[in-house]
Amino acid sequence: MNGGKEKGNDFLIPANAPVVVKFEKSFKGLFPQSLLRLNFDKQESGVTFRFNGTGFVIRGNVVKWDSEDNFNYQANLLVDGKLVQQIGLPVNYKTRKYEIAWLNDLPKGEHQVRLKYLNSEPAYPVNVNEAVIYSETAATGFTSP
């Protein structure tokens, strides 16, 4: 077994020399620019915001402490008035999302984002906390307006 030995109640496993792996660049040309505080708590119809950049991540979650309920919010993600995708937001604490929605291949410029809820349940608050805004050049400092 790769040179391992059993010695009484112990196992001796030889250490392997580290091997350099090929560098893999994720999200090439995408850099965080700013943090947009949204602070929308349980908006009945959804959330809307504008930004200047090439991408975003909306952070937040559906909240009910220790919930294992199977309810899922359904929401449409619209960017610049066009439906990009339909999103499921599970209430169950084991499967809920903390990054509600994201898109990272927009053309540089002004964009409007709308997260529109398709169903609602008063027992499950939706917290939409912030959006991380991205662009194609590295920022000199990460700012929060």
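Because the structure is a prediction, the values reported are computed rather than measured.
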Would a hydrophobic clustering, with Ile, Leu, Val, Met, Phe, Trp and Tyr connected at side-chain separations under 4.5 Å, put Phe27 with Val57?
-> yes

Say whether Tyr93 and Val91 are linked into one hydrophobic cluster, either directly or through other cluster members, by side-chain heavy-atom distances under 4.5 angstrom.
-> no

Looking only at heavy atoms, which two atoms of Gly3 and Pro14 are closest? And how far apart?
-> O-CD, 3.6 Å

Shortest non-hydrogen pair, Thr54 vs Ser135, comes out as OG1-CA, 3.1 Å

First locate atom [atom1] of [X], then atom [atom2] of [Y], and finally report the distance between them rounded to the nearest 0.5 Å.
| X | Y | atom1 | atom2 | answer |
| --- | --- | --- | --- | --- |
| Leu83 | Asn76 | CG | CG | 5.0 Å |
| Tyr134 | Leu30 | OH | CG | 6.5 Å |
| Asn61 | Ile100 | CG | CD1 | 6.5 Å |
| Lys5 | Ile13 | NZ | CD1 | 13.0 Å |

Which residues share a side chain to side chain contact (heavy atoms under 4.5 Å, CB included) with [X], sequence neighbours left out:
| X | result |
| --- | --- |
| Ala101 | Ile58, Leu77, Ile87 |
| Lys28 | Lys25 |
| Asn72 | Gln74, Pro90 |

Flag side-chain contact, heavy atom, 4.5 Å: [X] against [Y]:
| X | Y | answer |
| --- | --- | --- |
| Leu38 | Leu36 | yes |
| Phe71 | Asn92 | no |
| Phe51 | Leu106 | yes |
| Leu103 | Val84 | yes |
| Phe56 | Val79 | yes |

With sequence neighbours excluded, what pairs up with Lys94 under the salt bridge (Lys or Arg N to Asp or Glu O under 4.0 Å) test?
-> Glu68

Listed by chain and number, what are the ring-ring contact (aromatic ring centres under 6.0 Å, His included) partners of Phe31, not counting sequence neighbours?
-> none

Exam field: side chain Tyr73 to backbone Tyr124, donor-acceptor pair closer than 3.5 Å | yes

So the side chain to side chain donor-acceptor pair (under 3.5 Å) pairs with at least one residue in residues 104-116 (sequence neighbours excluded) are Thr48-Arg114, Arg50-Gln112, Asn52-Glu110, Asp80-His111, Lys108-Glu136

Could you note down all residue pairs passing salt bridge (charged side-chain N to carboxylate O under 4.0 Å, His left out) where residues 53-63 supplies at least one of them, sequence neighbours left out?
-> Arg59-Glu99, Arg59-Glu130

